[in-house]
Each structure stands twice: as structure tokens, then as C-alpha cells.
Peer 1: 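So that we are looking at the same thing, I have put the structure below in C-alpha cells.
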Amino acid sequence: MSDAPIGIFDSGVGGLTVARAILDQLPNESLIYVADTARFPYGPKPIAELRAYALEVLDRLVAEGVKMLVIACNSASSAVLRDARERYDVPVVEVILPAVRAAVSASRTGRVGLVATPATVTSRSYDDAFAAAPHVTLTSVPCPRFVEFVERGITMSDELLDVARGYLRPILDAGCDTLILGCTHYPLLTGAISYVAGDGVTLVSSADETAKDVFRVLHDGRLARAEGSPEPAHRFLATGDPTPFGVLGRRFLGPEIGLVESAIVGIPSTAR
């Protein structure tokens, strides 16, 4: 058994969808969540740049003494997963394979759509993950503006619906019956995306599936906190201004977010 916290990392508030699922499935566990808001957005940036950012934040979490790392960002998972598993002695859980497993199970036709950031689509991480399911045809569309809507707190607007219609048109034209929300920000837009996609398309979010992986790793590694342990303690940090992250984070996650701490990073962001 281990009282150490689980470390979770994302570029912003999107990873809170994963944090919420972990809290729901493992309410006895403590979390440390780092949002790299100073260098947001990750999606349009080159993979090598994302790798440097992600390793800096993951190093910080390991130094905090976490017992597990959860890369709750598709772009970062695409850039750094292999390096992270070689670099750290703690288990590393990511969000891509859980979503792929769920999509393969959900699709009746083998035609699966993917909406994701440009970095994730360019990396072809999902294409590689689907290689084990050759009957699946994947249609991928980069959707950079979805993240912008979430970080502005906009989950319903005519502009958002118009943008969604444009992004989803190639996926609907391809006859996809399953759609992977390939960025942890996107489940916060489930209402708009589902409205445009229609009832015939099943949406797949990696949050719940990732939390199941976290449960499995904790159980199999005997890393879970013991029953009867003190109340879990959660910490939330932002590399940018903590105030807007706290306001938006409490809206999307809930009262578990109290005071948001500042986390200083050394590698400056390039221009968006």
C-alpha cells in the first residue's frame, strides 16, 4: 500500500475530465494535478517541443514523490510516452490506448472517426494503436479550435456549433459510427459534438477508460491507499496564472479544487 499521490499532467483544464473519472472510481486516492497553462496550447506545437515541456513537468511530479504518472493529454502522450516509461521508475498511464480499445469495442461497422489536436493527428499515434485492429478504418481530423472554446469556458454557442459542423463533415461523410474525442478537453464539448454528430454516432472519451487502467495498475502493483486511511488531499498547480485555471477548473471539476498553486517552469514557450 502507498499513501503517495497520483500525479496527473495536462496542458490545461482538459485533463480534469480524467481527474474526475479517477476521483469517482478511486475516491480514496490523493492527486497532484499540474496544468501547463503557461505554454498552452500544446496542439499546434512541434512534437520535439512538446516532449521537452512534458518531461519538465513530469520530472516535477516525480520530484513531488508521486506513485504513478497519468499523462492526461493526447498531444503529450503522443510526444513523450515511450521516453517517460524509460525515464521513470513509477508506472506511467496514458490516454490513447484506452480510447482505442473502447472504440474497437463500440464500432459496429469498423469505421471510426478521430477528432484531435494537430500534434496528435500528425504523430499518427492513433493510427499506430489501431494497427492491432486491421478491420478498422480511421478518419482523422485536426480540430485546434475546440481547445480554445474550452479554455474560454464556452461549451454552447452558435459559433461552436458551426465550427463543429465543419470539423465533423469528413467524419460523417466517411460513414463513421464511432467518434474518438482524441483530446481530453473535448469531452467538455460532448453536448455540441453529439448534437452535430447525431444519435447514430457513439462518442468515445478516454477519461473513464484511463481511470480503469489507473485502478488496474494500482491494484496489481499493490499501490492503492489502505482502507481507513485519512481523507485524501488534492493539490492543483498551474504554470501560468493560477486564478483563471482555478475559476474554470472548479466549474468543470468541482469543489475539489481549492487554492491553485503556482508551478514555475524553466523552458519558455514559443509563439503560438
Side-chain angles (χ1 to χ4, degrees), residues 2 4-12 14-15 17-19 22 31-101 114 116-132 140 142 147 180 182-185 206-207 209-214 216-218 220-221 223 237-240 263-270 272:
S2 172
I6 297 169
I8 305 177
F9 155 58
D10 184 40
S11 62
T17 59
V18 177
I22 292 172
L31 307 182
I32 299 180
Y33 183 103
V34 177
D36 193 10
T37 53
R39 298 177 295 204
F40 169 86
Y42 271 24
K45 294 183 170 69
I47 290 292
E49 191 173 334
L50 297 185
R51 179 182 179 277
Y53 295 164
L55 289 176
E56 183 180 19
V57 176
L58 294 172
D59 284 350
R60 166 70 180 264
L61 283 168
V62 170
E64 293 278 357
V66 300
K67 62 186 174 186
M68 170 189 288
L69 293 168
V70 180
I71 306 175
C73 173
N74 284 260
S75 299
S77 291
S78 299
V80 81
L81 178 60
R82 183 175 301 174
D83 297 292
R85 285 182 169 157
E86 293 175 354
R87 186 182 183 100
Y88 306 116
D89 293 330
V90 298
V92 180
V93 174
E94 49 86 35
V95 291
I96 293 174
L97 282 178
V100 168
R101 289 198 301 266
L114 168 70
T117 67
T120 297
V121 172
T122 300
S123 75
R124 298 185 63 83
S125 296
Y126 276 91
D127 301 79
D128 293 342
F130 273 111
S140 303
V147 173
I180 297 175
C183 171
T184 53
H185 283 73
S206 59
E209 299 301 317
T210 299
K212 292 175 186 175
D213 275 12
V214 171
R216 175 183 54 78
V217 172
L218 290 184
D220 293 351
L223 294 171
L237 299 87
T239 61
I264 306 302
V265 289
I267 303 173
S269 175
T270 61
R272 295 184 184 182

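The residues of the chain are indexed from 1 along the displayed sequence.
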Peer 1: Rounded at 0.5 Å granularity, tell me how far CD1 in Ile71 sits from OG in Ser78.
Peer 2: 10.0 Å
Peer 1: Taking all non-hydrogen atoms of both residues into account, name the closest pair between Pro5 and Ile32 and its distance.
Peer 2: CG-CD1, 3.6 Å
Peer 1: If we ignore hydrogens and angles and just use 3.5 Å, is the side chain of Thr239 paired with the main-chain N or O of Thr37 as donor and acceptor?
Peer 2: yes
Peer 1: Decide, yes or no, whether a salt bridge links Arg101 with Asp213 under the criterion of side-chain N to carboxylate O below 4.0 Å.
Peer 2: yes
Peer 1: Does the Glu64 side chain pair with the main chain of Val66, one donor and one acceptor, at a distance under 3.5 Å?
Peer 2: no
Peer 1: Tell me if a side-chain donor or acceptor on Thr17 pairs with a main-chain N or O of Thr184 at a distance below 3.5 Å.
Peer 2: yes
Peer 1: Distance check, rounded to the nearest 0.5 Å: Ile8 atom CD1 versus Ile22 atom CD1?
Peer 2: 4.0 Å
Peer 1: Could you report the tightest heavy-atom contact between Leu55 and Tyr88, atom names first, then the distance?
Peer 2: O-OH, 3.4 Å
Peer 1: Looking at CE of Met68 and CG of Leu223, how far apart are the two atoms once the value is rounded to the nearest 0.5 Å?
Peer 2: 6.5 Å
Peer 1: Determine, for Glu56 against Arg60, whether the closest basic-nitrogen to carboxylate-oxygen distance falls under 4.0 angstrom.
Peer 2: no
Peer 1: Within this structure, what is the OG-CD1 distance for the pair Ser125 and Ile96, rounded to the nearest 0.5 Å?
Peer 2: 4.0 Å
Peer 1: Dump the intermediate steps for side-chain contact (heavy atoms from CB on, under 4.5 Å) on Leu50 and Val80, then the final yes or no.
Peer 2: CA-CA 8 Å; Leu50 297 185; Val80 81; over 6 Å; no
Peer 1: Using side-chain heavy atoms (C-beta onward) and a distance below 4.5 Å, is Thr120 in contact with Tyr126?
Peer 2: yes
Peer 1: CZ/Arg124 to OG/Ser140 distance, rounded to the nearest 0.5 angstrom?
Peer 2: 7.5 Å
Peer 1: Is the side chain of Tyr33 donor-acceptor paired with the backbone N or O of Gly15 at a distance under 3.5 Å, no angle test?
Peer 2: yes
Peer 1: Is there side-chain contact between Thr122 and Ile47, with at least one heavy-atom pair below 4.5 Å?
Peer 2: no
Peer 1: State, to 0.1 Å, how close Leu114 and Gly182 come at their nearest heavy-atom pair, and which atoms those are.
Peer 2: CD1-CA, 3.8 Å
Peer 1: Do you know the tightest heavy-atom contact between Phe40 and Ser11?
Peer 2: CB-O, 3.8 Å
Peer 1: So with a 6.0 Å cut-off around CZ of Arg85, is the heavy-atom count from everything else above 12?
Peer 2: yes
Peer 1: How far does CG of Asp128 sit from CG of Leu97, to the nearest 0.5 angstrom?
Peer 2: 10.0 Å
Peer 1: For residues Asp59 and Arg87, determine if any side-chain heavy atom of one lies less than 4.5 Å from a side-chain heavy atom of the other.
Peer 2: yes
Peer 1: Should Cys73 and Tyr42 count as side-chain neighbours, where that means a heavy-atom distance under 4.5 Å?
Peer 2: yes
Peer 1: Please name the pair of heavy atoms, one in Lys67 and one in Pro91, separated by the smallest distance, quoted to 0.1 Å.
Peer 2: O-CD, 3.2 Å
Peer 1: State, to 0.1 Å, how close Pro142 and Pro118 come at their nearest heavy-atom pair, and which atoms those are.
Peer 2: CB-CA, 4.0 Å
Peer 1: Side chains of Ile6 and Leu218: closer than 4.5 Å at any heavy-atom pair?
Peer 2: yes
Peer 1: Kindly indicate whether the side chain of Cys183, heavy atoms from C-beta on, has any atom under 4.5 Å from the side chain of Val147.
Peer 2: yes
